[in-house]
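Heads up: the structure comes next, in structure tokens.
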Amino acid sequence: MIETPSLVDQYCHGVLRTELGLGTFEAHLSRTEGPPAPGTTLFDTQTGFAVRRWCPPLLGLEPHCTPARYLARRRELGVLESGRRLLRGSGITTYLVDTGLPGDLTEPGELASAGAAGAHEIVRLELLAEQVADTSGTVESFLANLAESVHAAAANAVAFTSVAGVRHGLALAPEPPGPGEVRGAVGRWLAGRGVGGELSDPVLLRHLLWSAVASGLPLQLHAGLGAPGLRIDRTDPVLLTDFVRATAGLGTDLILLHGYPYHRHAAHLAGVFPHVYVDCGAALARTGARAATVLAEILELAPFGKILFSSGAQGLPELHVVGARLFREALGRVLGTWVAEGAWSLADAQRVAGMLASGNARRVYGLD
């Protein structure tokens with residue numbers, strides 16, 4: 001039996017504070033641009049089936065109960081109590097929380113309280129720049145305020161994260177942009193945006209990445225599947241190879257988030273470059289009953305000290321549960337098979353399980 005007594009969720013978001021009906025629950029369950037196929041629901045996915053397997057027992061129901069029965073029980077308990085039971089039943093003891101999403105989501109402290117766990121903030125670079133732009137009237141004030149904001153964030157957060165792949169694509173020029181290039185891009189962006197306007201300019205995205213690298217904090221980079229409508233051919237982590245080479249030896253670790261369906265590419269980069277790590281979280285939540293296969297593919301290529309667990313959960317506490325339970329199940333199945341076949345000793349399997357579950361994240365992020 002492979003045990004993972006505690007989990008550090010190295011990338012997630014807060015949970016919704018509001019009660020959800022069937023339609024709104026499904027909308028958060030699966031990221032899609034439209035409704036499900038006629039006669040089906042978004043519970044008819046690997047993630048949906050995993051929710052029905054792992055979450056009902058935490059609310060006092062039988063596994064695999066119908067969505068209607070599950071959501072009725074959820075409403076009966078209320079959003080706060082159901083969230084508390086789900087989060088505390090996940091086995092996650094520390095959350096690293098990206099606070100850069102809009103919506104009525106809990107802050108890290110609230111998530112920690114509900115889950116009886118620790119929590120730390122991850123700062124999203126693009127949102128930080130957008131907030132600075134909302135209060136900066138000139139190019140000079142923006143650049144000065146941005147530098148100050150990055151410095152202040154680095155003093156309190158455990159990592160920076162970037163959605164440059166989502167906003168533009170990962171095929172960015174690898175070198176830092178020059179001062180004149182940055183000033184010109186800032187001027188064009190400020191002149192053309194309204195309050196809250198998103199940052200997608202490739203020059204400014206590169207400037208943010210290199211500002212984060214200079215801070216020395218770990219830098220998380222989103223790759224693979226993401227928001228609905230995303231061109232995933234632009235988010236293959238191999239597109240980051242030149243940037244990875246350019247940042248080698250500078251003291252900043254890069255963590256490739258999500259990765260699926262390019263998880264082998266991300267694992268390869270983690271195997272080649274000492275400062276690159278690979279996330280194995282959201283890929284497992286998406287693949288459900290096939291999670292063990294995906295995890296085994298990551299373990300084919302990435303050194304075991306370079307792989308980190310996350311749930312990638314957003315909005316629903318159920319996704320924290322699913323991420324954690326599928327990780328435990330997949331890890332136990334893969335490593336347990338290798339022990340049974342005599343390829344690994346049980347002691348080595350247990351040691352590696354602890355590394356993936358929490359040890360690697362504690363080392364990379366400097367957690368107590």
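Under the 4.5 Å side-chain heavy-atom criterion for ILVMFWY residues, a single connected hydrophobic cluster contains both V150 and W210. Hydrophobic clustering keeps L101 apart from L128 (ILVMFWY residues linked when any side-chain heavy atoms are closer than 4.5 Å, directly or through intermediates). In the hydrophobic cluster analysis, where Ile, Leu, Val, Met, Phe, Trp and Tyr join through side-chain heavy atoms closer than 4.5 angstrom, L58 is grouped together with L316. No path of Ile, Leu, Val, Met, Phe, Trp and Tyr side chains, each step under 4.5 Å between heavy atoms, connects V276 with V238, placing them in separate hydrophobic clusters. Residues L172 and V213 share a single hydrophobic cluster, defined by chaining ILVMFWY side chains whose heavy atoms lie under 4.5 Å apart.
One finds the CG atom of L256 at 6.5 Å from the CG atom of L240 (value rounded to the nearest 0.5 Å). Expressed to the nearest 0.5 Å, how far CZ of F273 lies from CG of L254 amounts to 10.0 Å. With rounding to the nearest 0.5 angstrom, the CG atom of D253 is 8.0 Å from the NZ atom of K306. Taken to the nearest 0.5 Å, the CG atom of L326 stands 11.5 Å off from the SG atom of C280. Considering CG of L221 and NE2 of H258, their distance stands at 11.0 Å, rounded to 0.5 Å. To the nearest 0.5 Å, the span separating NE2 on H168 from CZ on R206 amounts to 10.0 Å.
Ion pair R69/E62 flagged as a salt bridge, since at least one NZ, NE, NH1 or NH2 atom sits closer than 4.0 Å to an Asp/Glu carboxylate oxygen. R193 and E198 are not joined by a salt bridge, as no carboxylate oxygen comes within less than 4.0 angstrom of a charged side-chain nitrogen. Salt bridge status for R85 with E318: absent, with no side-chain N to carboxylate O gap under 4.0 Å.
The minimum heavy-atom distance linking L111 with H13 is given by the pair CD2-O, 4.0 Å. Between A157 and L217, the shortest heavy-atom contact is O-CD1, 3.7 Å. Residue G336 comes nearest to I2 through the heavy atom pair N-CG1, 4.0 Å, listed as atom of the first residue, atom of the second, then distance. Contact between L42 and L29 at its shortest, heavy atoms only, is O-CD2, 3.6 Å. The minimum heavy-atom distance linking V334 with A292 is given by the pair CG2-O, 3.4 Å. For the pair A212 and L125, the tightest heavy-atom approach, listed with the atom from each and the gap, is CB-CD1, 3.8 Å.
Residue H64 qualifies as enclosed at atom NE2: its count of foreign heavy atoms under 6.0 Å is above 12. Atom CZ of R290 has 12 or fewer neighbouring heavy atoms from other residues, nucleotides or ligands inside a 6.0 Å radius. Atom CD of E148 has 12 or fewer neighbouring heavy atoms from other residues, nucleotides or ligands inside a 6.0 Å radius.
Other residues sharing a hydrophobic cluster with V158 under the 4.5 Å side-chain heavy-atom criterion for ILVMFWY residues are V8, Y11, L96, I122, I255, L257, Y277, L308, V364, Y365, L367. Grouping Ile, Leu, Val, Met, Phe, Trp and Tyr by side-chain contacts under 4.5 Å, direct or through others, leaves L127 on its own.
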Original post:
So E126 and S162, side-chain hydrogen bond (donor to acceptor under 3.5 Å, both in side chains) or not? Walk me through it.
Top reply: CA-CA 7 Å; E126 291 78 13; S162 171; 2.7 Å; yes
Original post:
Are F43 and F25 close enough, and set up right, to give a ring pair (Phe, Tyr, Trp, His ring centres under 6.0 Å), and what steps lead you there?
Top reply: CA-CA 10 Å; F43 273 95; F25 186 94; 5.7 Å; yes
Original post:
Stepwise, does the side-chain contact (heavy atoms from CB on, under 4.5 Å) test hold for S310 with Y95?
Top reply: CA-CA 9 Å; S310 79; Y95 298 96; over 6 Å; no
Original post:
What's the verdict on salt bridge (Lys or Arg N to Asp or Glu O under 4.0 Å) for R183 and E140, showing C-alpha distance, side-chain angles and the deciding distance?
Top reply: CA-CA 8 Å; R183 287 177 56 84; E140 290 75 13; 2.9 Å; yes
Original post:
Between L209 and F160, is a side-chain contact (heavy atoms from CB on, under 4.5 Å) present by the stated rule, with each step listed?
Top reply: CA-CA 9 Å; L209 293 178; F160 286 110; over 6 Å; no
Original post:
What do the steps show when you test T94 against D9 for side-chain contact (heavy atoms from CB on, under 4.5 Å), and what is the final call?
Top reply: CA-CA 6 Å; T94 305; D9 188 345; over 6 Å; no
**OP:** Take V322 and S90 through the side-chain contact (heavy atoms from CB on, under 4.5 Å) test and state the conclusion after the steps.
**Re:** CA-CA 8 Å; V322 165; S90 70; over 6 Å; no
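No hydrogens or angles considered: a donor-acceptor pair under 3.5 Å links the side chains of E297 and H263. A donor atom on one side chain and an acceptor atom on the other are found under 3.5 Å apart for H222 and T161. For the residue pair T247 / H275, a side-chain donor-acceptor distance below 3.5 Å is found, with atom types taken as modelled. Side chain to side chain, Q10 and D279 meet the donor-acceptor criterion of an N or O pair below 3.5 Å. For the residue pair S136 and N145, a side-chain donor N or O sits within less than 3.5 Å of a side-chain acceptor on the partner.
Side-chain contact between L331 and T4 is present, with at least one heavy-atom pair separated by less than 4.5 Å. Under the 4.5 Å side-chain criterion, counting only non-hydrogen atoms from C-beta, L208 is in contact with L146. Side-chain contact check for P108 versus T99: some heavy-atom pair is nearer than 4.5 Å. For the pair H320/L87, a side-chain contact is recorded, criterion being any heavy-atom separation below 4.5 Å from C-beta on. Side-chain contact check for F49 versus R53: every heavy-atom pair is 4.5 Å or farther apart. A heavy-atom distance below 4.5 Å is not found between the side chains of T287 and T293. Residues V278 and I298 meet the side-chain proximity criterion, which asks for heavy atoms closer than 4.5 Å. In this structure, the side chains of W54 and E329 come closer than 4.5 Å at one or more pairs of heavy atoms.
Of the possible polar contacts, none joining the S113 side chain to the E110 backbone as a donor-acceptor pair under 3.5 Å is found.
Less than 6.0 angstrom separates the ring centroid of W344 from the ring centroid of F304.
A side chain to side chain contact (heavy atoms under 4.5 Å, CB included) with V79 is found for one member of R17, R84, E19 and no other, namely E19.
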